[in-house]
Amino acid sequence: LLMARCSSEETVQIVLKCFQKCIQACGALQLRETRDALLGSLCQYALPPRVRQDLRDSSATVTLAPLDAVYEPLPCTTLSAKNVQALKALFNIAHCMGGLLDISWNLVLQTFEQLDRIIASSKTTTSSKPELSSATGSSPDATSNELSILASALTNLFSASSRLDDKAIGHFLTALSTQCFASLAYEATSKEKLA
């Protein structure tokens, strides 16, 4: 509720730092349900409303397989400045506190998968309509520069996973394989529907 009502960038940043500290404390104290609730809330703020609804529907709790709706084609979707700030906080949690996430990696990777789809759809939209890209910092939507920074952070997440301890890398790989299998299952069933 606080994130939804925040309007200034500074206030949003303070709230996101509090989210990170609380998630870190819950992870260290092994308060899994509280950590997952905070992470779920952060993941929802990291995505635009339509994608947020799909993610909420598929992962009200940490699940092992998202619903097919998560993989439906995205409409022209843009990230707000608040979405970008929340994504940066989520990347910070994944990079710095990955050892505390345990099974919550699934929720984090679902969010990052949606981000990857948004970045991919924005590339096709931007290439067909170059005027959609904004060069000014005053735009309420994410610029192509911000999207490229997020894409780089996404790539760096996988190279930084080598610094995770054995237990954390196990959780990370389990969540990653779950996301891969869910994507492959969706592709297989969608091709069967077309045939």
Side-chain angles (χ1 to χ4, degrees), residues 1-28 31 34-60 70 74-101 104-105 107-127 129-160:
L1 184 60
L2 187 58
M3 277 288 289
R5 300 204 186 254
C6 292
S7 57
S8 76
E9 206 171 302
E10 295 81 22
T11 307
V12 171
Q13 198 62 33
I14 290 168
V15 170
L16 290 172
K17 284 183 182 185
C18 290
F19 260 95
Q20 292 177 58
K21 294 290 184 187
C22 288
I23 290 169
Q24 182 179 20
C26 290
L31 301 172
T34 308
R35 177 202 59 210
D36 292 347
L38 288 167
L39 267 173
S41 179
L42 182 59
C43 289
Q44 288 178 10
Y45 286 115
L47 297 172
R50 181 207 179 260
V51 181
R52 181 185 310 164
Q53 182 63 41
D54 291 345
L55 186 67
R56 186 182 311 130
D57 291 345
S58 70
S59 60
V70 175
L74 288 175
C76 181
T77 304
T78 58
L79 294 170
S80 69
K82 200 181 288 188
N83 294 138
V84 172
Q85 285 182 290
L87 282 164
K88 288 178 181 178
L90 192 59
F91 275 115
N92 190 36
I93 290 168
H95 281 283
C96 300
M97 301 175 226
L100 301 174
L101 293 180
S104 298
W105 270 112
L107 182 59
V108 171
L109 290 179
Q110 281 181 353
T111 303
F112 289 156
E113 181 177 10
Q114 295 303 311
L115 170 63
D116 188 52
R117 293 179 64 234
I118 290 169
I119 291 170
S121 74
S122 73
K123 286 179 183 176
T124 58
T125 303
T126 304
S127 66
K129 296 182 181 177
E131 68 275 3
L132 290 178
S133 173
S134 171
T136 65
S138 61
S139 171
D141 293 336
T143 64
S144 59
N145 186 40
E146 289 169 324
L147 290 175
S148 66
I149 290 169
L150 291 172
S152 176
L154 195 54
T155 302
N156 290 337
L157 176 67
F158 294 99
S159 58

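Keep in mind that this is a model prediction, so the values were computed, not measured.
Atom CD in Gln114 sits 11.5 Å away from atom CD1 in Ile119 (nearest 0.5 Å). Taking CD from Gln85 and CD from Gln13, the interatomic distance works out to 5.0 Å, rounded to the nearest 0.5 Å. Distance check: Phe112 CZ to Trp105 CH2 gives 7.0 Å after rounding to the nearest 0.5 Å. In this structure, NZ in Lys82 is found 9.5 Å from CG in Leu16, a value given to the nearest 0.5 Å. Separating the SG atom in Cys22 from the CG atom in Leu42 is a distance of 11.5 Å, to the nearest 0.5 Å. To the nearest 0.5 Å, atom CG of residue Leu100 and atom CD1 of residue Ile23 are 10.5 Å apart.
When all heavy atoms of Leu39 and Ser104 are compared, the pair lying nearest together is CD1-CB, 3.5 Å. Annotation for Asn83 and Leu47: closest pair ND2-O, 3.2 Å, computed over non-hydrogen atoms.
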Below 3.5 Å, can you tabulate the donor-acceptor pairs from side chains in residues 86-97 to any protein atom, sequence neighbours excluded?
from  : atom 1 : to    : atom 2 : distance (Å)
Asn92 : ND2    : Gln20 : OE1    : 2.3

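Using a 4.5 Å heavy-atom cutoff, the side chains of Leu101 and Val108 are in contact. Looking at Ile149 and Val84, their side chains never come closer than 4.5 Å, going by heavy atoms from C-beta outward.
With sequence neighbours left out, the side-chain contact (heavy atoms from CB on, under 4.5 Å) criterion links Cys26 to Leu31, Thr34, Arg35, Leu38. Partners of Ser159 by side-chain contact (heavy atoms from CB on, under 4.5 Å), not counting sequence neighbours, listed by chain and number: Asn156. Taking the side-chain contact (heavy atoms from CB on, under 4.5 Å) definition, one finds that Ser41 meets it with Phe19, Tyr45, sequence neighbours left out. Looking at residues two or more places apart in sequence or on another chain, you find no side-chain hydrogen bond (donor to acceptor under 3.5 Å, both in side chains) involving Gln24. A search for side-chain hydrogen bond (donor to acceptor under 3.5 Å, both in side chains) contacts involving Thr11 returns Ser8, not counting sequence neighbours.
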